[in-house]
Amino acid sequence: MKYALVTGGSRGIGRAVCLKLAQMGYPVVINYVANDQAAEAVKAECEALGAKAELLKFDVSDPQQVESAVEAWQQAHPDDYVAVLVNNAGIRRDNMMIFMQNDEWHTVLDTTLNGFFYLTRRLLKDMLTKRWGRVINMASLSGLKGLPGQANYSAAKAALIGATKALAQEVAVRKVTVNAIAPGFIDSDMTRDLPKDELKKMVPMGRFGKAEEVAALAGFLASDEAAYITGQAISINGGLY
Ligand code: NAP
């Protein structure tokens, strides 16, 4: 059976992507790192949509945890594989570069960029041997244009887009597509502390996006209809560039 695995599936955009994929009929593996209650709630919501759902708690930035979680999942699912991988887990540690601490730099890169690498490398083999797969990477407008106070985050997301384009060319022949989504400002816990009234004036549509709008794009990229789209970074930003 083809499973979908969504990292950071317990909240925000990841939660909405889990629900979208559940609605499309995928059994969903919900990854998260800390928030058990939120993850349980997403599992229940997926099940209410009639889909199978399971939790897989691990820190994407820790290669040992990635390895043991995937190994355990594969042992428990000898006849299944992760056909849709959504690398969505991400964090912000904003600071002006002149004040930025080593840990603020490293934790952001470790989660977004290294997390993508550890997990995708581990799951690619099955997609390649089964000759069908979707890798969807949650990048950001910040990775396309750079945002002040986010040198760490912009670097991680820009690198993720570069890796998306390189990997897409490696695996295209096996019918595995690799794309990035670059959201602008989306309502979620991550953007809760931002000055929304000020920021939304910068957005031509005059509002923040909804997690469900990003999830709809992820759902399309995961579908058979998107088979010829690969190596792209698709913006979803209300016209803000
Ligand atoms: P969010 O509401 O803060 O949720 C973050 C999710 O990531 C949570 O499920 C969290 O799990 C999980 N997570 C964090 N670190 C993790 C780790 N080391 N291992 C596994 N899971 C981890 O964030 P969001 O706004 O939905 O953002 C989702 C993605 O979209 C991120 O990559 C973000 O950079 C990107 N994005 C967001 C926006 C925006 O405006 N919101 C814009 C552009 C791009 P717990 O619940 O266990 O903490």
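Numbering of ligands and ligand atoms starts at 1, following listing order.
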Is it the case that the side chains of Ser142 and Ser154 hold a donor-acceptor pair, with the cut-off being a distance below 3.5 Å and no angle test?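 Yes, side-chain donor-acceptor contact under 3.5 Å.
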Under a 3.5 Å cutoff, is there a donor and acceptor pairing between the side chains of Thr164 and Asn137?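 A donor-acceptor contact under 3.5 Å links the two side chains.
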Can you label the angle between the Tyr3 ring and the Trp73 ring as parallel, tilted or perpendicular, going by 30° and 60°?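 Ring orientation of Tyr3 relative to Trp73: perpendicular.
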With rounding to the nearest 0.5 angstrom, report the CH2 to NZ distance, Trp132 to Lys175.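 Spacing of CH2 (Trp132) from NZ (Lys175) equals 11.5 Å.
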To the nearest 0.5 angstrom, please state how far the CG atom of Leu199 sits from the OG1 atom of Thr191.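 The CG atom of Leu199 sits 9.5 Å away from the OG1 atom of Thr191.
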Closest approach of any protein heavy atom to atom 47 (O) of ligand 1, naming residue and atom: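 Answer, as residue, atom name and distance: Ala34 N, 2.7 Å.
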Could you tell me the residue and atom name of the protein heavy atom closest to atom 30 (O) of ligand 1, and the distance to it rounded to 0.1 Å?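 Atom 30 (O) of ligand 1 sits closest to the protein heavy atom Met138 CG, 3.3 Å.
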Counting only nitrogen or oxygen atoms and a 3.5 angstrom limit, does [X] reach ligand 1?
X      : value
Pro183 : no
Ser140 : no
Phe185 : no
Leu141 : no
Val33  : yes
Ser10  : yes
Thr191 : no
Thr111 : no

Hey, is the main chain of Arg93 close enough, under 3.5 Å, to the side chain of Glu104 for a donor-acceptor pair?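 Absent.
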Measure from the side-chain N and O atoms of Asp126 to the backbone N and O of Val82, and report whether any donor-acceptor pair falls under 3.5 Å.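 No, the answer is negative, given that no donor and acceptor are paired below the 3.5 Å cut-off.
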[X], portion touching ligand 1 at heavy-atom distance under 4.0 Å:
X      : result
Arg92  : neither
Asn31  : side chain
Phe58  : backbone
Ala139 : backbone
Thr112 : neither

Is any NZ, NE, NH1 or NH2 atom of the basic residue among Lys20 and Glu212 found under 4.0 Å from an Asp or Glu carboxylate oxygen of the other?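 Result for this pair is no, no salt bridge flagged.
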Output the list of atoms in ligand 1 that are nearer than 4.0 Å to some heavy atom of [X], sorted by atom number.
X      : answer
Ser188 : 2 (O), 24 (P), 25 (O), 41 (N)
Asn88  : 28 (C), 29 (C), 30 (O), 31 (C), 32 (O)
Ile91  : 14 (C), 15 (N)

Minimum side-chain heavy-atom gap Lys157-Leu147 below 4.5 Å: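 No, their side chains stay 4.5 Å or more apart.
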Any side-chain heavy atom of Asn237 within less than 4.5 Å of one from Pro183?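 No, their side chains stay 4.5 Å or more apart.
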Any Gly184 heavy atom less than 4.0 Å to ligand 1: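 True for this residue.
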